[in-house]
Student: 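Supplied in structure tokens, the structure appears directly below.
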Protein chains: 2
Amino acid sequence: MKLSDGVEWALHCATVLAAVPPDRGLTAAKLAEFHDVPSAYLAKHLQALTRAGIFEAVPGRRGGYRLARPASEISVLDVVDAVEGRLRPFLCSEIRQRGPVAGPKSDYRKACGISRVMYDAENAYRDVLKHTSLTDLITGLMADAPHAAVRGATWLQKELSS
Amino acid sequence: MKLSDGVEWALHCATVLAAVPPDRGLTAAKLAEFHDVPSAYLAKHLQALTRAGIFEAVPGRRGGYRLARPASEISVLDVVDAVEGRLRPFLCSEIRQRGPVAGPKSDYRKACGISRVMYDAENAYRDVLKHTSLTDLITGLMADAPHAAVRGATWLQKELSS
DNA sequence: GTCCCTATACTCGGATAGCAAGTGTCCGAGTATAGGCGG
DNA sequence: CCGCCTATACTCGGACACTTGCTATCCGAGTATAGGGAC
């Protein structure tokens with residue numbers, strides 16, 4: 001069980017975009033430069049986020065990406081699902097209905113207890129991410145590393161003005 | 001994020017082994033036959049479970065696998081970690097300390113807030129699995145599909161007597 | 001001076017290679033058993 | 001008849017190919033801009 005690196009990048013990009021005025025945008029190249037990650041690969045994930053309706057892409061010159069809705073209405077889960085593709089980590093293949101002791105289908109009306117536990121765990125995981133919004137993330141970032149936040153804001157202002 | 005198929009197999013095997021008397025064992029081939037899965041590949045996971053101290057392997061003729069401790073003292077998390085290798089789904093690469101706005105390390109004393117949320121979610125996931133034991137699983141299986149449980153017990157008795 | 005048209009530069013978007021990890025399989029090392037032999 | 005020894009058959013264990021999906025990259029389609037020309 002491993003998450004794509006893109007999840008971390010996407011979350012950081014989202015916090016940066018939250019600081020961009022709604023009528024402006026930031027290009028994939030700038031976002032990649034800010035985090036020092038391969039821009040071509042980052043672009044791939046930004047596209048996925050756009051398809052999911054979390055980011056908005058502005059084409060053409062002076063284009064770029066921006067949040068599709070207020071940061072308070074974007075959860076961490078939204079971002080993770082968009083990048084990872086919303087596939088369940090555990091998939092029950094009903095092996096209890098296979099082998100020499102398999103019986104009629106009517107014997108297995110209730111879902112397999114093992115899958116139930118795995119799904120419960122998955123839901124607990126998702127709940128935590130669901131109840132954390134981008135604003136929560138930003139509040140935390142500013143409290144944890146205020147100096148870095150100020151430097152980031154300064155850099156952003158410089159990029160937007162040019 | 002995807003879990004290995006072996007997780008499901010391992011959990012089902014564990015519930016079967018829980019029904020085997022402590023002084024007996026069940027071979028990898030028999031476990032594979034019971035679930036109709038490739039025995040060679042299942043053996044690989046059984047070895048991992050043995051290394052993790054959850055199963056015990058009895059070598060030689062009339063050997064096989066059995067639980068290393070009572071079913072009530074084995075959690076689902078133990079099995080999942082043994083098969084999956086206990087690697088964290090999310091790994092913070094501290095990209096906030098990279099790029100043009102990177103600052104002195106003293107600015108980043110506290111852990112990245114993004115990683116904190118991801119780890120909280122992971123812990124919620126693990127907690128659910130941790131608080132479910134093999135006995136809980138078996139109780140559920142027998143309640144959900146009693147006929148199948150009886151057939152399984154009969155098959156097992158036949159195999160053990162021969 | 002104002003409007004329109006055209007060429008341009010820059011953006012996103014999807015299609016294309018490379019690589020690592022999971023998936024699946026095999027054969028060799030080790031051990032309890034079963035049978036035969038000797039006492 | 002009893003004990004011991006040897007050969008055997010069966011088990012687990014680790015080493016070896018293959019496939020899927022993530023990682024990384026590129027070039028083409030589309031658009032707002034900027035400049036020049038006509039009115």
Side-chain angles (χ1 to χ4, degrees), chain A residues 1-10 13 17 20 23-33 35-52 54-66 68 80 82-91 93 159 162, chain B residues 1-10 13 17 20 23-33 35-52 54-66 68 80 82-91 93 159 162:
Chain A
M1 182 158 79
K2 185 177 167 297
L3 266 71
S4 164
D5 293 340
V7 171
E8 184 180 9
W9 303 356
C13 286
L17 287 186
V20 175
D23 58 335
R24 295 296 303 273
L26 207 59
T27 68
K30 285 296 168 190
L31 283 169
E33 177 191 345
H35 296 111
D36 188 24
V37 296
S39 70
Y41 188 32
L42 175 63
K44 190 183 183 69
H45 293 301
L46 296 177
Q47 287 167 27
L49 289 158
T50 305
R51 272 193 299 271
I54 299 167
F55 289 2
E56 261 180 3
V58 179
R61 195 168 174 175
R62 290 184 74 76
Y65 290 98
R66 62 185 174 211
V80 173
V83 175
E84 283 288 315
R86 184 66 187 105
L87 56 82
R88 313 195 94 164
F90 181 87
L91 274 172
S93 59
E159 291 298 334
S162 64
Chain B
M1 181 158 80
K2 186 178 168 295
L3 265 72
S4 164
D5 293 339
V7 171
E8 185 181 9
W9 303 355
C13 286
L17 287 186
V20 175
D23 59 335
R24 297 295 301 274
L26 207 58
T27 68
K30 285 295 168 191
L31 283 169
E33 176 191 345
H35 296 111
D36 187 24
V37 295
S39 70
Y41 189 31
L42 175 63
K44 190 183 183 70
H45 295 300
L46 295 176
Q47 287 167 28
L49 288 158
T50 304
R51 273 194 298 272
I54 299 166
F55 288 2
E56 262 180 1
V58 179
R61 193 168 176 174
R62 290 185 73 77
Y65 290 97
R66 63 185 174 210
V80 172
V83 174
E84 282 290 313
R86 183 66 187 106
L87 56 82
R88 310 195 95 166
F90 181 87
L91 275 172
S93 59
E159 291 298 332
S162 65

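Values below: every heavy atom of this structure, side chains too, minus hydrogens, waters and symmetry copies. Treat the numbers as computed from the prediction; the structure is a model and nothing was measured.
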Student: Would you say the side-chain atoms of B:E33 and B:S39 include a donor-acceptor pair closer than 3.5 Å?
Tutor: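 No, no side-chain donor-acceptor contact under 3.5 Å.
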Student: If you look at every strand shown and take non-hydrogen atoms under 4.0 Å, does B:A43 touch a base, only sugar-phosphate, or nothing?
Tutor: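 Nothing, no heavy atom under 4.0 Å.
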Student: Set out, in order, the CA-CA distance, both residues' side-chain angles and the distance that settles side chain to side chain contact (heavy atoms under 4.5 Å, CB included) for A:T27 and A:Y65, then state yes or no.
Tutor: CA-CA 6 Å; A:T27 68; A:Y65 290 98; over 6 Å; no
Student: Would you say B:R62 reaches C:dA34's phosphate, i.e. side-chain N/O to OP1/OP2 under 4.0 Å?
Tutor: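 Looking at the OP1 and OP2 atoms of C:dA34, neither is under 4.0 Å from any side-chain N or O of B:R62.
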Student: Quick one: is A:R51 getting a side-chain N or O under 4.0 Å of the C:dG13 phosphate, OP1 or OP2?
Tutor: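 Indeed not, no polar side-chain atom of A:R51 lies that close.
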Student: Could you tell me whether the phosphate oxygens of D:dC18, OP1 or OP2, come under 4.0 Å of any side-chain nitrogen or oxygen in B:Y41?
Tutor: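 Checking B:Y41 against D:dC18: no side-chain N or O falls below 4.0 Å of OP1 or OP2.
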Student: With sugar-phosphate meaning primed atoms plus P, OP1 and OP2, does B:A57 contact a base, only sugar-phosphate, or nothing at under 4.0 Å between heavy atoms?
Tutor: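 The residue B:A57 makes sugar-phosphate contact but no base contact.
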Student: Please tell me if B:K2 has a side-chain N or O lying less than 4.0 Å from either OP1 or OP2 of C:dT23.
Tutor: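 Checking B:K2 against C:dT23: at least one side-chain N or O falls below 4.0 Å of OP1 or OP2.
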Student: Stem finding on DNA chain D, please: runs of three or more consecutive Watson-Crick or G-U wobble pairs, both distances under 3.5 Å, sorted by first number.
Tutor: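 Stems found: C:1-39 with D:1-39.
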Student: Heavy atoms only, 4.0 Å cut-off, all strands: where does A:G64 land among base, sugar-phosphate and nothing?
Tutor: sugar-phosphate
Student: Is B:T27 close enough to D:dC10 that one of its side-chain N or O atoms is under 4.0 Å from OP1 or OP2 there?
Tutor: no
Student: Using a cut-off of 4.0 Å on non-hydrogen atoms, how would the nucleic acid contact of A:A29 be classed: base, sugar-phosphate, or nothing?
Tutor: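 The residue A:A29 makes no contact with any strand.
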Student: Among C:dG13, C:dG22, C:dT16, which is the nearest nucleotide to the side chain of A:Q47?
Tutor: C:dG13
